[in-house]
2 protein chains.
Amino acid sequence: MAALDLLGRRGALRIVWELREARVLTFRALQAAAELPPGTLNTRLAELRAADIVAVDGGYRLSSRGADLIIALWPLLRWSEDWASALET
Amino acid sequence: MAALDLLGRRGALRIVWELREARVLTFRALQAAAELPPGTLNTRLAELRAADIVAVDGGYRLSSRGADLIIALWPLLRWSEDWASALET
DNA sequence: AGAGGCGCTTCATTTTCTGTAGCATCGCCG
DNA sequence: CGGCGATGCTACAGAAAATGAAGCGCCTCT
């Protein structure tokens with residue numbers, strides 16, 4: 001479960017999420033969107049780049065593997081919406 | 001993305017994973033399976049119980065919402081297998 | 001009584017995260 | 001050219017979290 005270990009680090013899933021739909025964000029924009037301090041963001045980005053999930057190409061974007069990841073994440077996101085609305089009641 | 005925040009904590013996804021297929025584990029068995037020290041496990045279990053993902057019923061098991069989560073996790077697990085085998089090459 | 005399993009708790013150490021500040025670089029505009 | 005704003009990213013001190021080992025109190029079974 002190495003992948004779960006990587007994605008289970010603070011902010012990792014959030015970064016991937018913010019780069020959904022082929023978004024290209026600058027370091028600072030990503031920092032604002034993911035609500036992470038620069039040090040953490042930079043550490044996380046290094047790991048995600050090493051894992052070939054995030055690519056740098058005129059800003060940060062998902063690699064093709066990262067795009068697959070977003071697709072695989074869809075059911076989880078659906079679940080989290082249901083979960084959030086269920087908790088409100 | 002409160003759910004992602006919760007699941008993005010160390011060991012959280014791993015705990016859910018170890019409870020897949022309606023498994024019922026004792027605290028110590030879960031500790032061994034998830035490779036977590038008791039303090040961390042206990043903290044995480046408290047969060048997961050508060051989120052109604054894990055239930056205590058003669059041991060730790062997934063709640064019905066937790067079972068839904070496992071299903072939603074399937075594509076991600078598939079992706080992580082592909083990812084792991086791709087990294088080996 | 002003793003042995004073993006149980007769910008935790010405690011504690012000291014190490015690791016990680018946070019938040020602010022700021023550096024060096026680049027492109028743009030007058 | 002000289003400044004201006006934005007960029008990616010580093011530095012640092014303090015806070016928070018995780019780690020690993022030890023062990024407590026409780027229960028059950030022999």
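Per chain, numbering begins at 1; letters A, B, ... match sequence-line order.
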Same hydrophobic cluster for B:Leu19 and B:Val24, using side-chain heavy-atom links shorter than 4.5 Å among ILVMFWY?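 Shared cluster, no.
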Check for me, please, whether A:Leu7 and A:Trp17 land in the same ILVMFWY cluster - side-chain distances under 4.5 Å, paths through other members count.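 Yes; tracing contacts between hydrophobic side chains, which count when under 4.5 Å, links both residues.
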Reading DNA chain C 5' to 3', which nucleotide is the first, and which the last, to come under 4.0 Å of any heavy atom in chain B?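 So the contact region on DNA chain C extends C:dC6 to C:dT9.
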Please examine the side chains of B:Leu4 and A:Leu77, heavy atoms only from C-beta on, and report whether any two atoms are closer than 4.5 Å.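 A side-chain contact exists here, since the closest heavy-atom pair is under 4.5 Å.
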Taking distance alone, no hydrogens or angles, what donor-acceptor pairs closer than 3.5 Å link side-chain atoms of residues 64-75 of chain B to residues at least two apart or in another chain?
{"from": "B:Arg65", "atom 1": "NE", "to": "B:Asp52", "atom 2": "OD2", "distance (Å)": "3.4"}
{"from": "B:Arg65", "atom 1": "NH2", "to": "B:Asp52", "atom 2": "OD2", "distance (Å)": "3.2"}

Please assess A:Arg9 against A:Asp5 for the test side chain to side chain contact (heavy atoms under 4.5 Å, CB included), listing each intermediate value before the final yes or no. CA-CA 7 Å; A:Arg9 286 167 151 77; A:Asp5 188 64; 3.1 Å; yes
Please list, by residue number, the residues of residues 45-63 of chain B whose heavy atoms come closer than 4.0 Å to an atom of DNA chain D; answer none if no residue qualifies.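 Under 4.0 Å from DNA chain D: no residue of residues 45-63 of chain B.
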Within this structure, what is the CZ-to-P distance between A:Arg10 and D:dA16, rounded to whole angstrom? 12 Å
note: B:Ile15, atom CD1; D:dA18, atom P; distance rounded to Å ~ 11 Å
For B:Arg23, is the CZ atom crowded, meaning more than 12 foreign heavy atoms sit under 6.0 Å from it? yes
Kindly state each residue pair satisfying side-chain hydrogen bond (donor to acceptor under 3.5 Å, both in side chains) with at least one member in residues 53-63 of chain A, sequence neighbours excluded.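 For residues 53-63 of chain A, and leaving out neighbouring residues, there are no side-chain hydrogen bond (donor to acceptor under 3.5 Å, both in side chains) pairs at all.
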Table please: side-chain donor-acceptor pairs of residues 28-39 of chain B below 3.5 Å, with sequence neighbours left out.
{"from": "B:Glu35", "atom 1": "OE1", "to": "B:Arg14", "atom 2": "NH1", "distance (Å)": "3.2"}
{"from": "B:Glu35", "atom 1": "OE1", "to": "B:Arg14", "atom 2": "NH2", "distance (Å)": "3.0"}

Please list residues of residues 24-40 of chain B whose heavy atoms come under 4.0 Å from any atom in DNA chain C, ordered by number; otherwise none.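 Result for residues 24-40 of chain B: B:Thr26, B:Phe27, B:Arg28, B:Pro38, sorted by number.
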Should B:Glu47 and B:Arg44 be marked as a salt bridge (Lys or Arg N to Asp or Glu O under 4.0 Å) after you check the CA-CA gap, both sets of side-chain angles, and the distance that decides it? CA-CA 5 Å; B:Glu47 294 165 355; B:Arg44 217 53 77 226; 2.9 Å; yes
Check B:Glu18 with B:Arg20, please: is the shortest side-chain N to carboxylate O separation under 4.0 Å?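 So B:Arg20 pairs with B:Glu18 through a salt bridge.
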